[in-house]
Amino acid sequence: MDTVMETTESRADASDTPNNASDNPNSASSGEDNTSLENSLVHPTAAPSIIGAESDNLFPDSTLQTAGESVEFLAPAPVNSDQSLPAPRKRRRRKKQFPEMISSVDAVNGLRHKSGNRSTQDVDEYEDDNLSSRRRRRVSSDLDLETLIAISVGFPVDSLTEEEIEANVVKTIGGTEQSNYIIVRNHILALWRSNVDVWLTREHALESIRVEHTHLVDSAHSFLLEHGYINFGLAAAVKAAKLKPPEGSSRGDVIIIGAGLSGLVAARQLIFLGFKVVILEGRTRPGGRVRTKKMSGGDCVAAADLGGSVLTGINGNPLGVLARQLGFPLHKVRDICPLYLPNGNTVNPELDSKVEIMFNKLLDRVCKLRQSMMEEAKSIDVPLGTALEAFRHVYRVAENPQEKMLLDWHLANLEYANATLMSNLSMVFWDQDDPFEMGGDHCFIPGGNDRFIRALAENLPIFYNQTVKTVKYGSDGVLIDANGKEYHADMVLCTVPLGVLKKRSIEFIPDLPERKKSAIERLGFGLLNKVAILFPYDFWGGEIDTFGHLSEKTSMRGEFFLFYSYSSVSGGPLLVALVAGEAAIEFEQMSPVESVSKVMEILKGIFNPKGIAVPDPLQAICTRWGQDQFSYGSYSYVGIGASGNDYDILAESIGNGRVFFAGEATNKLYPATMHGAFLSGLREAANMLRMDKRRSKSKSNDENKSVSASENLT
């Protein structure tokens with residue numbers, strides 16, 4: 001057996017509980033032109049009506065295809081009938097716990113009533129069957145659908161984003177024009193999401209909109225295109241357009257530090273926007289904290305995701321779009337997760353349910369405590385682990401050994417979700433991103449996420465083995481020192497992980513502002529490690545994707561506490577054991593042979609008593625993300641004294657628009673996720689475009705003033 005130590009980062013996305021923040025569109029408000037979108041926005045000769053031949057149609061039938069991301073799932077395995085194996089128990093791998101967070105169903109229904117729209121039940125009970133009434137209901141349903149799609153990618157229900165306001169998408173904030181713009185924007189977004197293989201042109205969008213509202217289409221289409229909400233990804237039509245800069249548009253030179261997801265996505269978008277781009281990557285490969293390793297032994301071959309692995313919520317997820325464009329099937333991570341005691345016996349289902357209920361009640365108590373703390377003194381924060389342990393003692397929860405082990409397992413799961421110990425998490429803000437989580441199933445990509453990376457990196461100017469040491473910036477641009485070589489550009493995009501910034505591996509001249517340095521210090525950057533083991537055959541069965549193992553020692557509760565089965569997606573019989581919390585730190589000091597031996601001991605303790613032989617491994621890999629000089633950890637978390645605002649501070653550009661920052665730790669809404677990194681790359685490409693336009697306009701104005709002054713002298 002080959003046992004390998006990998007010093008490359010492992011990042012498991014935090015949550016398996018979707019949070020479908022959803023809403024209804026605002027009806028167009030009355031204003032100066034006093035026109036409703038339903039009656040006058042749509043061109044009378046547009047595509048066939050979705051609401052009846054006699055009506056003015058709102059949007060074409062294609063819009064109805066966008067109820068959700070169209071993805072292929074592998075058929076679920078048959079239910080296990082072997083009574084010797086543990087009883088199946090559905091158990092969501094989740095980060096979100098607190099009850100005050102948004103409930104998708106309640107949010108949709110509540111917002112419908114607020115906006116004057118009818119709930120589904122209201123519509124069913126509505127007895128007016130005349131054509132006009134049916135027509136209005138169909139239009140409202142279609143608008144609801146398009147609004148939900150917009151919400152799924154981060155747009156608010158009835159207001160503009162800060163990006164839209166800064167882009168001046170409407171002349172006046174509020175009023176009828178804004179309401180109409182929002183509906184047009186949502187329609188264009190839904191139109192492209194219905195077929196992500198095409199390049200959606202302005203002319204195509206105009207086909208279903210009345211000519212008098214052309215300016216809204218121009219504004220919305222331009223904004224969505226430049227900010228990467230439409231026409232992104234790897235479809236043939238999209239790639240052809242993205243790698244061909246617009247004619248007559250010459251913008252500045254950009255250096256991107258890091259060829260991870262955010263860097264690759266930003267590079268593609270910047271090239272499309274007319275910039276000249278170079279990527280400097282310290283590793284010998286692209287992908288950063290997303291790494292898929294080919295494992296082999298005998299006749300078995302498998303692809304192991306040693307870093308980012310799970311697509312956490314497919315609704316609105318840009319990686320889901322990429323999967324559709326590339327024709328990648330998605331495997332839904334099934335939420336049946338049996339638990340095993342240290343002696344290998346199955347945990348009693350009744351006791352399991354009892355402890356899980358107690359665990360959630362403890363979190364409820366902490367939730368109420370933090371609410372009162374925030375009302376009384378907003379500056380006070382304590383460790384989440386301290387608060388939970390205090391309530392555990394007060395309410396005498398999990399006092400017998402087996403209950404304590406079960407509770408520790410749930411706490412290990414939270415430590416996995418946040419990549420750190422409970423004692424490091426902010427009780428007040430540790431879950432600040434929960435309301436924004438992507439909805440839908442959590443999925444694996446068969447063959448590993450490196451398939452995304454290879455496709456994104458194709459034809460990009462990436463220079464490997466280029467470790468950046470210094471970033472100098474000033475009014476005349478940026479100067480980058482990498483391995484003794486100097487690179488000059490107008491702007492630089494830094495996408496290195498938060499761990500690298502914390503280590504100050506890169507020297508910024510002038511130094512980073514105190515505001516940014518303080519945010520870097522407050523935010524946490526945690527650790528998760530993995531042991532990937534390839535076996536000659538699948539001895540654990542294919543009916544589950546996960547199973548858990550309890551520990552008798554609280555400090556080591558995260559050691560191999562959760563196993564992922566990759567047999568259905570990796571191409572071979574592969575198991576991945578997770579190491580979280582304090583155990584993840586200790587793990588990096590342990591030899592790979594010792595680590596694999598411990599995993600094998602656990603597996604034999606579970607399966608041998610059932611008469612199932614556990615074969616010797618063919619190959620094993622142990623990650624060491626904490627020792628990786630290009631990451632120094634796995635993913636970010638909100639530490640004590642930090643808040644979601646620190647993610648925003650980390651994202652701020654410096655040097656009057658010369659140095660920009662991207663990566664999961666710069667994304668307040670989607671931190672610690674692959675899609676968060678992806679979206680941050682698109683965000684910064686748009687920010688760099690805006691700064692380049694501003695600088696060009698200022699330069700043009702200065703030249704005009706100079707010419708005017710010269711003419712006056714003559």
Side-chain angles (χ1 to χ4, degrees), residues 160-173 178 181 185 202 215 218-232 242 245-257 262-263 265-278 471-480 487-495 508-510 512-513 515-516 648-663 666-668 679-709:
L160 302 179
T161 64
E162 292 182 7
E163 292 173 324
E164 287 176 306
I165 293 172
E166 189 157 356
N168 297 317
V169 294
V170 294
K171 295 178 181 177
T172 306
I173 304 299
Q178 175 176 307
Y181 165 84
R185 175 248 281 159
R202 166 187 173 276
H215 69 290
D218 291 342
S219 181
H221 185 271
S222 176
F223 175 82
L224 293 172
L225 182 62
E226 291 184 354
H227 287 75
Y229 288 103
I230 62 172
N231 295 342
F232 69 83
K242 288 285 186 179
E247 295 181 5
S249 176
S250 178
R251 301 204 176 275
D253 300 336
V254 173
I255 293 173
I256 297 177
I257 304 174
S262 60
V265 171
R268 287 186 167 272
Q269 185 72 353
L270 287 167
I271 290 172
F272 161 68
L273 294 173
F275 291 88
K276 295 179 182 178
V277 177
V278 166
V471 174
K472 296 180 181 179
Y473 59 97
S475 59
D476 57 344
V478 296
L479 185 65
I480 311 299
Y487 299 84
H488 184 272
D490 297 295
M491 293 179 282
V492 62
L493 175 60
C494 180
T495 72
F508 290 87
I509 304 174
L512 295 175
R515 170 182 170 85
K516 189 178 289 286
D648 287 339
I649 295 172
L650 198 56
E652 293 173 352
S653 64
I654 62 173
N656 193 25
R658 294 297 180 180
V659 184
F660 296 77
F661 296 84
T666 70
N667 196 323
K668 177 181 179 179
L679 292 171
S680 75
L682 292 175
R683 178 199 70 214
E684 290 311 304
N687 287 338
M688 297 175 95
L689 173 65
R690 185 176 67 252
M691 180 54 65
D692 186 83
K693 286 181 177 179
R694 185 181 302 170
R695 198 171 282 128
S696 296
K697 183 178 180 180
S698 176
K699 182 179 179 181
S700 177
N701 289 339
D702 290 343
E703 290 175 350
N704 290 336
K705 289 179 181 179
S706 177
V707 170
S708 178

(request) Please lay out, stage by stage, how Val478 and Asp490 fare under the test side chain to side chain contact (heavy atoms under 4.5 Å, CB included). (result) CA-CA 6 Å; Val478 296; Asp490 297 295; over 6 Å; no
(message) Salt bridge or not between Glu163 and Arg690? Use side-chain N to carboxylate O under 4.0 Å.
(response) no
(request) Indicate yes or no: does Lys668 engage Glu652 in a salt bridge with an N to O separation below 4.0 Å. (result) no
Closest approach of [X] and [Y], non-hydrogen atoms and distance?
{"X": "Arg695", "Y": "Asn656", "answer": "NH2-O, 3.0 Å"}
{"X": "Lys242", "Y": "Asn231", "answer": "CE-O, 2.8 Å"}
{"X": "Glu226", "Y": "Gln269", "answer": "O-NE2, 3.2 Å"}
{"X": "Leu650", "Y": "Phe661", "answer": "O-CB, 3.4 Å"}
{"X": "Ala651", "Y": "Arg683", "answer": "CB-NH2, 3.6 Å"}
{"X": "Arg202", "Y": "His221", "answer": "N-NE2, 3.4 Å"}

Does any part of the side chain of [Y], heavy atoms only, come nearer than 4.5 Å to the side chain of [X], both counted from C-beta?
{"X": "Leu689", "Y": "Arg251", "value": "yes"}
{"X": "Val254", "Y": "Val492", "value": "no"}
{"X": "Glu164", "Y": "Tyr181", "value": "yes"}
{"X": "Met688", "Y": "Leu493", "value": "yes"}
{"X": "Phe275", "Y": "Asp253", "value": "no"}
{"X": "Thr666", "Y": "Glu684", "value": "no"}
{"X": "Ile654", "Y": "Tyr473", "value": "yes"}
{"X": "Ile173", "Y": "Leu160", "value": "yes"}

Checking the side chain of [X] only, and the main-chain atoms of [Y] only, is there a donor and an acceptor separated by less than 3.5 Å?
{"X": "Ser219", "Y": "Val169", "answer": "yes"}
{"X": "Ser262", "Y": "Gly681", "answer": "no"}
{"X": "Ser698", "Y": "Arg694", "answer": "no"}

(request) State the CD1-CD1 distance between Ile257 and Ile480, to the nearest 0.5 angstrom. (result) 4.5 Å
(request) Quick one: pull up CZ in Phe272 and CZ in Phe232 and give me the separation to the nearest 0.5 Å. (result) 13.5 Å
(request) May I ask you to check whether Ser475 and Arg658 show a side-chain donor-acceptor distance below 3.5 Å? (result) no
(request) Might you confirm whether atom NZ of Lys516 has over 12 heavy atoms from other residues, nucleotides or ligands at distances under 6.0 Å? (result) yes
(message) Can you tell me which residue among Leu270, Leu679, Leu682 is in a side-chain contact (heavy atoms from CB on, under 4.5 Å) with Val265?
(response) Leu682
(request) Could you please spell out the steps behind the side chain to side chain contact (heavy atoms under 4.5 Å, CB included) verdict for Met491 and Asp692? (result) CA-CA 9 Å; Met491 293 179 282; Asp692 186 83; 4.3 Å; yes
